[in-house]
Amino acid sequence: MKVLFVCLGNICRSPSAEGVLNLLAAQKNMDVMADSKGTAAYHIGKAPDPRSQACALKRDIDLCKLKAQQVVVNDFYKYDFVFAMDSDNLAHLHALRPRDATASLALFLKDYGALGEVDVPDPYYDGDAAFDRVLDLLFDACDRFLEVECR
Ligand code: 4NP
């Protein structure tokens, strides 16, 4: 099963989601491959934000080798699930998605989150607590995703 997480810059939320889902899938011995991209081109080629990397490392997730990429139309044929991190990015992805896309498209927390938020809040202009909150939301929803879709 191939999963693509999409945020705006692909340097904070979606690379974190990629790392969390890959970690949990490996721990549960599940055949899931997570990847991530952004709707914007600003950060193409850059490693994840140092604050995201530091927060992820505290939870045994190493994001240092990832490089930001921008989502393309072909991604809607390459992955089984495309998940937006927030409603703005979901709208962008709906506009990009071809009619005969094979990937499903959804708002990740709306379908799998249970902590009361549907958008993963953008932590870019916030402090460390916002980056930790992103990981809390992602661990919760990724766990449920694996339970529901990969049993
Ligand atoms: P992300 O966070 O979408 O979670 O990667 C952001 C990264 C960069 C910017 C905004 C959000 N930016 O404005 O450059």
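Just so you know, ligand 1 is whichever comes first in the structure, and atom 1 is the first atom listed for that ligand.
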Say whether N10, considering both its backbone and side-chain N or O atoms, lies within less than 3.5 Å of an N or O atom on ligand 1.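 Yes: some nitrogen or oxygen of N10 is under 3.5 Å from one in ligand 1.
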
Can you check whether P123 has an N/O within less than 3.5 Å of an N/O in ligand 1? no

Taking atom CD1 of I44 and atom CD1 of I11, what is their separation to the nearest 0.5 Å? 12.0 Å

Answer yes when D132 and K58 have at least one side-chain N-carboxylate O distance shorter than 4.0 Å, and no when they do not.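 Looking at K58 together with D132, the answer is yes, because their closest N to O distance falls below 4.0 Å.
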
Does K28 come within less than 4.0 Å of D143, counting only side-chain N to carboxylate O? yes

Would you say the side-chain atoms of R13 pair up with the backbone N or O of V120, donor to acceptor, closer than 3.5 Å? yes

What protein heavy atom is closest to [atom], reported as residue, atom name and distance in Å?
atom                    : value
atom 9 (C) of ligand 1  : Y124 CD2, 3.6 Å
atom 13 (O) of ligand 1 : Y125 OH, 3.5 Å
atom 11 (C) of ligand 1 : D122 OD2, 3.1 Å
atom 1 (P) of ligand 1  : C7 SG, 3.5 Å

Tell me whether the centres of the aromatic rings in F145 and F83 are closer together than 6.0 Å. yes

Below 4.0 Å from ligand 1: does a non-hydrogen atom of H43 turn up there or not?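 Yes; H43 lies near enough to ligand 1 that a heavy-atom distance drops under 4.0 Å.
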
Does anything in residues 94-105 form a side-chain hydrogen bond (donor to acceptor under 3.5 Å, both in side chains)? List the pairs, not counting sequence neighbours.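 Every side-chain hydrogen bond (donor to acceptor under 3.5 Å, both in side chains) pair that includes a residue of residues 94-105, provided the two are not neighbours, is Y77-D100.
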
